[in-house]
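Order of the sequence lines fixes the chain letters, A, B, ..., with proteins taken first and strands second; residue numbering starts at 1 for each chain.
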Amino acid sequence: MAPRICALCHKAKAMLKRPKTGQQICRECFFYVFETEVHNTITQSHLFSPGDRVAIGASGGKDSTVLAYVMKTLNERYNYSLDLFLLSIDEGITGYRDDSLETVKRNQQQYDMPLKILSYDELYGWTMDAIVSQIGRKNNCTFCGVFRRQALDRGAAMLNVDHIVTGHNADDIAETVLMNIMRGDIARLGRCTAICTQGEDTIRRSKPFKYAYEKEIVMYAYFKKLDYFSTECIYSPDAYRGHARAFLKDLEAARPSAIIDIIHSGEAFEIKDEIKATQKLQQTCQRCGYMSSNTLCKACTLLEGLERGMANSGITDRARKKLEAEGPTPENLRTIPYFATPSGNPAIAVSIPLETAL
Amino acid sequence: MSTISLKIEFGGGLELLFANQRSHRIDIPCRVSTDNDTTVKELNEKEAKAVDVSYLVHHMRDHMLKERAELFMENGTVRPGILVLINDTDWELEGEGEYQLKNGDEVVFISTLHGG
Ligand SMILES: [Zn+2]
Ligand SMILES: [Zn+2]
């Protein structure tokens, strides 16, 4: 077969078929269109203002590694004037997170960005390894999800950043839309497709890769020879998400626009006022100051269950009643440090790559 | 029986299914069964074809894969979500499974299904 010529520059050999458009393009044109589309997403959604301090949620995986690289590239190319940081959460999973954090540490050097690692151990006094050894492999993802969300916000507050960007891509978002539909969680549908979300007093979170296809992210990492880590979490067989993902890939194989169509469907679900009214009002957690829809936030509830040896009390109502019947919360219970929103000065010193520190 | 030599690379966690080895060199026959049966001893030339990527994938499943074939193949081809590059070019531009392999070709398989 004669080599195909790039549909954009009409010079170089085409090396990739774009999933979005079917266009056949060369490596250099691919880098350019991929980066430019992310730039367009950023500018059209007004994600940043000059001088913003932005943390990249970095797991060492493909999406966040490519995001860090592209954010750095665009920040320099288009003078966004952003201060970029890498923020990693160490869940304490031996043989998984310790290896992926090594990748993030290399990224810190390669991209010359300050890195902050915040561990579950220092924040909650529990690693995921310890949690799993107490509760087994049921509900462990609930603990991890609640703890990670709060840890990211707290890490961001420590870095005194305005904004967290995450590597969620179009495939991830379409998958989440499907899962919310299958679970009947209509209230979440609109929010999960939003490019930028902000709670009452939390740090903004956004997804510059909202319209970037997974295939292109992986191809980008491959062609650029980016250093990323790819092993499934050893505790995570999130079977439900796995099915949604496999289903989505099958749909995409039959019709490439399926992913973007599903995202648009999610966006089109408007939450009616009556439904909004039943959603609980946000307040702050009595114990740790993090935003919450109850007197205690989810993380504090889960932590109390762990500390008192009744881990399910944060998960089922029955176990919760049992915990309450055991008596009031002990005075000396381990709690999460009080949450303070970013104020003026960075709360902590960050580790800066050696070259810039000198 | 004449053979060709290929370089096979894995990425994105797919190597875990292949003895956790990222790079492999393999030899496969030039002429193979049209039904991709990799166990045929005496090849009938009437039912033979030049070796292609489709045969390669069957060969990999039958002779290289160490575990969980369903994570590599589905419906006679690689599972959706696995990217294939032939000499660094997206296999979708090279005829996918119908691409006829040449001596020295490099084929890369990358899983996109592992976490971000
Ligand atoms: Zn080109
Ligand atoms: Zn709390």
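In this structure, CG on B:Asp88 lies 6.0 Å from CZ on A:Phe223, to the nearest 0.5 angstrom. Expressed to the nearest 0.5 Å, how far CE of A:Met219 lies from OG1 of B:Thr112 amounts to 10.5 Å.
Summarising the local packing, CZ of B:Phe18 is surrounded by more than 12 heavy atoms from other residues, nucleotides or ligands at distances under 6.0 Å. The 12-atom threshold is not exceeded at NZ of B:Lys46, counting heavy atoms of other residues, nucleotides or ligands nearer than 6.0 Å. Other residues, nucleotides and ligands contribute at most 12 non-hydrogen atoms within 6.0 Å of the CD atom of B:Glu42. Atom CD of B:Gln21 has more than 12 neighbouring heavy atoms from other residues, nucleotides or ligands inside a 6.0 Å radius.
For the pair B:Glu94 and A:Lys13, the salt-bridge criterion is met [side-chain N within less than 4.0 Å of a carboxylate O].
Between A:Ser230 and B:Gly13, the shortest heavy-atom distance links the atoms OG-N, 3.1 Å. Across every non-hydrogen atom of B:Leu93 and A:Lys17, the tightest pair is CD2-CB, 3.8 Å. The minimum heavy-atom distance between A:Lys215 and B:Asp90, with the atom names listed, is NZ-OD2, 2.7 Å.
For the options B:Thr89, B:Leu85, B:Asn87, heavy-atom pairs under 4.5 Å to chain A are most numerous at B:Thr89.
Residues of residues 74-83 of chain B placed with any heavy atom under 4.5 Å of a heavy atom in chain A are listed by number as B:Glu74, B:Arg79, B:Pro80, B:Gly81, B:Leu83.
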